[in-house]
2 protein chains.
Amino acid sequence: MSLQVVAIRDAREAPIPLSQPGLSSLFDRQPLERFDAGSAVFWEGDDAAHLFQVTAGILRAVRLLSDGRRIIVGFLRPGDLLGVSLKDRYLYTVEAITPVALRRLSRRRFEEEIRRQPQLRDQLFSRLCDEMTAAQDQTVLLSRRSADEKVANFLLMMSRDEFGNCTRIVDIPMTRLDMADYLGMTIETVSRTITKLTNSGIITATGRRSMMVLKMDALRSLADGDNGETGCCQRVRDMPPHRDGLTVWKSA
Amino acid sequence: MSLQVVAIRDAREAPIPLSQPGLSSLFDRQPLERFDAGSAVFWEGDDAAHLFQVTAGILRAVRLLSDGRRIIVGFLRPGDLLGVSLKDRYLYTVEAITPVALRRLSRRRFEEEIRRQPQLRDQLFSRLCDEMTAAQDQTVLLSRRSADEKVANFLLMMSRDEFGNCTRIVDIPMTRLDMADYLGMTIETVSRTITKLTNSGIITATGRRSMMVLKMDALRSLADGDNGETGCCQRVRDMPPHRDGLTVWKSA
DNA sequence: CGGATTCTTGAGAGCTGTCAATCGTTGTGG
DNA sequence: CCACAACGATTGACAGCTCTCAAGAATCCG
């Protein structure tokens with residue numbers, strides 16, 4: 001098979017002991033490279049010769065199906081690593097959504113360093129695992145959740161600042177199309193859902209690309225499901241009834 | 001965050017040089033444990049004290065959402081590793097679908113061995129990466145594909161033998177409910193789709209739990225999309241028209 | 001200001017989920 | 001051996017959600 005990791009998230013929530021040099025340190029001395037909004041850092045199919053660390057800005061990782069369908073595999077934020085791979089070609093196109101600043105490292109050199117410093121390999125492994133979990137969560141989100149739940153989850157994701165805290169002001173630098181292709185929906189449904197949230201008084205638009213969450217609890221209960229709660233150790237053998245996760249706020 | 005790998009697939013397609021002892025060798029001396037069909041190997045939330053290697057049989061990794069929705073994260077086959085984790089609790093329940101034989105290793109001992117033998121770590125890393133890719137492919141499958149495409153993909157997956165070759169005879173040991181919870185559908189839609197495939201002459205039932213593929217090409221073109229073709233390096237900037245991937249066989 | 005792009009909104013169709021009934025198989029017990 | 005229950009699978013009718021197609025509004029940018 002093949003592997004390519006879209007982004008290795010900076011493990012902000014579970015900080016690694018800082019006594020050791022982190023993966024980021026590999027990039028510290030590299031010069032800053034800037035990309036305009038809309039430009040591509042690399043293309044799907046390109047030779048995977050470099051890794052990048054995001055210093056500033058937001059990017060999207062895009063994959064195109066043969067029939068033209070477009071899928072956004074993930075969004076990249078400052079601190080994320082980009083281009084980690086065991087394949088020699090990039091499997092995704094990565095484009096800047098906002099103006100972006102990156103530091104670049106050759107793959108050869110990166111792998112050398114990883115080989116030389118065991119603690120870096122541990123970190124890489126650990127981050128890969130986080131990425132794995134994120135991918136599976138995304139799978140769950142896409143497979144079993146309604147448009148409302150998807151959008152609520154997305155907004156909560158975007159409302160997290162760099163320390164993982166929830167802010168009431170949410171910046172949405174990406175377009176509706178980006179959101180749609182990330183959530184497996186159409187732009188129309190995304191738009192309608194946001195309108196619905198606004199009409200419900202859960203959020204309010206504060207600008208073209210930003211909004212404020214008025215009822216954080218309502219948004220959370222919409223996002224719903226198993227957010228945060230992992231092991232509840234249920235021993236259900238027969239099929240539990242399928243419930244609609246939305247009734248809560250439909251009446252709001 | 002959290003991580004837990006459902007299954008580390010045996011990298012059958014890209015065999016690792018056999019000169020070195022593989023991950024499997026760690027389990028070779030462990031006694032065989034048998035589980036009846038329907039029984040659980042471990043439960044979501046249990047202490048993640050052991051790893052398992054599947055010797056025979058098929059299992060499912062199940063996750064339950066708080067609202068009762070059931071998700072099958074993956075199916076496990078002989079050769080797969082099971083319970084690889086960085087967390088101390090299992091995030092999934094794993095149940096035997098058929099009678100199963102496993103070999104067990106304590107997590108402590110597994111991690112010791114991994115630490116001691118660098119080439120094992122490389123293998124683990126590599127498998128983790130494969131698993132990662134599989135998770136992302138699953139994400140794509142679930143987010144952007146119709147019921148027909150999903151089922152076609154599933155059947156192709158099940159038609160792969162242990163060497164990765166496609167066989168015409170397909171065994172489906174799992175129930176419709178398992179398929180549905182894996183594909184993000186309902187049992188009714190799964191059933192209807194299979195009926196449709198049968199009526200189209202693409203497959204035919206050869207037994208209660210097995211079928212034969214009559215038109216492999218048709219099934220493949222149904223499964224469609226970017227199966228196998230990864231980097232086509234398209235530089236499409238504007239949104240391509242969404243096409244129905246099914247018209248081909250609807251007229252068949 | 002004007003054009004291009006993005007976003008919103010509406011109407012209608014199609015697909016999938018829901019509810020419900022039936023069929024077929026399996027397994028148990030008389 | 002048959003009757004019956006239990007379970008899984010199939011099929012039908014219908015509703016609801018999301019997609020599609022289309023038009024219009026809002027915003028951005030030259």
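Just so we're on the same page: letters track the sequence lines, and every chain starts at 1. Predicted model only: the values in this text are computed from it and were never measured.
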Compare all side-chain heavy atoms of [X] with those of [Y] and state whether any distance is below 4.5 angstrom.
X        : Y        : answer
B:Val41  : B:Phe52  : yes
A:Glu44  : A:Leu91  : no
B:Arg145 : B:Asn153 : yes

Report task. Consider only side-chain N and O atoms of B:Thr167 and B:Ser159, and report whether a donor and an acceptor are under 3.5 Å apart. Result -> no

Would you mind reading off the distance between [X] atom [atom1] and [N] atom [atom2], rounded to a whole angstrom?
X        : N      : atom1 : atom2 : result
A:Asp148 : D:dG16 : CG    : C1'   : 12 Å
B:Leu197 : D:dT10 : CG    : P     : 12 Å
A:Arg69  : D:dT20 : CZ    : C1'   : 15 Å
B:Asp178 : D:dC7  : CG    : P     : 16 Å
A:Arg144 : D:dT18 : CZ    : P     : 14 Å
A:Leu183 : D:dT18 : CG    : P     : 12 Å

Query raised in the report: Which one of B:Arg69, B:Arg70, B:Arg60, B:Arg176 satisfies the side-chain hydrogen bond (donor to acceptor under 3.5 Å, both in side chains) criterion with B:Asp181?
Result: B:Arg70

Quick one: which protein N/O atoms are closer than 3.5 Å to N/O atoms of nucleotides 5-10 of chain C? Pair and distance per line, please.
unit_1, atom_1, unit_2, atom_2, d
C:dC7, OP1, A:Arg209, NH2, 3.3
C:dC7, OP2, A:Arg176, N, 3.0
C:dC7, O4', A:Arg208, NH2, 3.2
C:dT8, OP1, A:Arg176, NH2, 3.2
C:dT8, OP2, A:Arg176, NE, 2.7
C:dT8, OP2, A:Arg176, NH2, 3.4
C:dT8, OP2, A:Ser191, OG, 2.8
C:dT8, O5', A:Ser191, OG, 3.0
C:dT9, OP2, A:Thr195, OG1, 2.7
C:dG10, N7, A:Arg192, NH1, 2.9
C:dG10, O6, A:Arg192, NH2, 3.3

Requested in this report: Would you sort out whether B:Arg63 and A:Asp137 count as a salt bridge (Lys or Arg N to Asp or Glu O under 4.0 Å), showing the intermediate values?
Outcome: CA-CA 11 Å; B:Arg63 191 165 159 186; A:Asp137 287 349; 3.2 Å; yes

Query raised in the report: Given C:dT16, is OP1 or OP2 found less than 4.0 Å from the side-chain N or O atoms of B:Thr186?
Result: no

Query raised in the report: With B:Arg104, which residues qualify under side-chain hydrogen bond (donor to acceptor under 3.5 Å, both in side chains), at least two apart?
Result: B:Glu33

Requested in this report: Pick base, sugar-phosphate or nothing for B:Gly184, based on heavy-atom distances below 4.0 Å to the nucleic acid.
Outcome: sugar-phosphate

Query - Axis deviation across the helix from C:dC1-D:dG30 to C:dG30-D:dC1, five-pair ends, to the nearest 10° - result: 30°

Query raised in the report: Does the pair B:Asp46 and B:Arg89 meet the rule for a salt bridge (Lys or Arg N to Asp or Glu O under 4.0 Å), with working shown?
Result: CA-CA 5 Å; B:Asp46 279 1; B:Arg89 297 198 168 276; over 6 Å; no

Report task. Look at the rings of A:Phe75 and A:Tyr182 and say which category their plane angle falls in: under 30° parallel, 30 to 60° tilted, over 60° perpendicular. Result -> tilted

